[in-house]
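Here's the structure we're looking at; comments come further down.
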Amino acid sequence: MANFIKFLYRLVMLYMYYVLGACMLSWVPNINPDYPLFSFIFKSAGFYLIPPILGLSISPAMVMLVCGFVLLGLDKIYAKYFAPKEPKIVVMSPEEFFEKMKEQQNKEEDKKDGD
């Protein structure tokens, strides 16, 4: 389930980049939005959800805002249910590593001597 949430997070993030790319594409002056490829890009990026106001389309901003809320929700779900179960990564120098190994060996020897 944790991997599925990570996958959804990355998918929504990829869609946000797609919307951002469509916004940049809309600034190109000689693009015909009725051309099938550009029509598909603009429709799938949500350009026509809300009609343009004073010549500005605020639909992509709304789509990105909703995507941001979805990302926040996925992040909260992951942090609450799956982050505590993740293995912790510890970075240490070789000296610290050998010191920890000696401590573990001493603990194991003490357990064997106590038995």
Side-chain angles (χ1 to χ4, degrees):
M1 187 67 166
N3 289 334
F4 182 68
I5 290 178
K6 286 181 184 179
F7 173 74
L8 281 179
Y9 187 89
R10 290 180 183 139
L11 193 66
V12 172
M13 197 65 151
L14 184 66
Y15 182 69
M16 283 181 68
Y17 286 127
Y18 177 77
V19 171
L20 185 65
C23 288
M24 289 184 194
L25 189 64
S26 73
W27 293 343
V28 177
N30 291 331
I31 284 188
N32 181 6
D34 296 328
Y35 187 73
L37 175 66
F38 298 130
S39 176
F40 172 75
I41 290 172
F42 292 144
K43 284 180 183 175
S44 63
F47 268 73
Y48 304 115
L49 294 176
I50 302 172
I53 300 171
L54 298 175
L56 285 174
S57 179
I58 60 168
S59 296
M62 293 298 142
V63 168
M64 291 183 79
L65 188 66
V66 168
C67 286
F69 285 133
V70 169
L71 289 175
L72 282 173
L74 288 173
D75 198 29
K76 293 277 186 183
I77 291 170
Y78 184 80
K80 184 173 183 177
Y81 296 109
F82 301 107
K85 298 176 186 174
E86 268 188 0
K88 303 292 185 234
I89 298 174
V90 179
V91 179
M92 60 177 73
S93 68
E95 293 83 18
E96 292 172 329
F97 174 75
F98 289 124
E99 185 178 312
K100 289 278 185 184
M101 290 297 292
K102 286 181 185 177
E103 288 176 10
Q104 282 184 346
Q105 287 175 351
N106 290 338
K107 285 181 186 177
E108 288 175 5
E109 288 175 1
D110 290 342
K111 281 185 181 180
K112 287 180 183 177
D113 292 339
D115 291 336

Other residues, nucleotides, ligands: >12 heavy atoms within 6.0 Å of F7 CZ: no
Can you see which heavy atom on C67 is nearest to which on M16, and at what distance? CB-CG, 3.4 Å
How long is the straight-line distance from CZ of F98 back to CE of M101, given to the nearest 0.5 Å? 8.5 Å
Do you know which two heavy atoms are closest between S59 and L49, and how far apart they sit? OG-N, 3.7 Å
Taking everything shown except M92 itself, do over 12 heavy atoms lie less than 6.0 Å from its CE? yes
Looking only at heavy atoms, the pair that brings I5 and L74 closest together is CG2-O, 3.8 Å
Can you check whether I41 reaches Y18 side chain to side chain, under 4.5 Å on heavy atoms? yes
Are L37 and L25 connected into the same hydrophobic cluster when the rule is that any two of I, L, V, M, F, W, Y join if their side-chain heavy atoms are below 4.5 Å apart? yes
Are the side chain of N106 and the backbone of K102 linked by a donor-acceptor contact shorter than 3.5 Å? yes
Treat each ILVMFWY residue as a node, draw an edge where side-chain heavy atoms are under 4.5 Å apart, and state whether L14 and Y9 are in one component. no
Should F40 and Y15 be regarded as members of a common hydrophobic cluster, given that ILVMFWY residues are connected when their side-chain heavy atoms come within less than 4.5 Å of each other, either directly or indirectly? yes
Please report the C-alpha distance between I50 and M62 in whole Å, then the side-chain angles of each, then the deciding distance to 0.1 Å, and finally whether the side chain to side chain contact (heavy atoms under 4.5 Å, CB included) criterion is met. CA-CA 9 Å; I50 302 172; M62 293 298 142; 3.8 Å; yes
Using only atom types and a distance under 3.5 Å, with no angle test, would you say the side chain of S39 pairs donor to acceptor with the backbone of P36? no
Note: Y48 and P33 closest approach over all heavy atoms is OH-CB, 4.0 Å
Looking at A22 and A45, what are the two nearest heavy atoms and their distance? CB-CB, 3.6 Å
What's the shortest heavy-atom distance between N32 and F38, and which atoms? O-CD1, 3.7 Å
Going hydrophobic residue to hydrophobic residue with side-chain gaps under 4.5 angstrom, can you get from Y17 over to F42? yes
Within one Ile-Leu-Val-Met-Phe-Trp-Tyr cluster: F82 and L8, side-chain cutoff 4.5 Å: yes
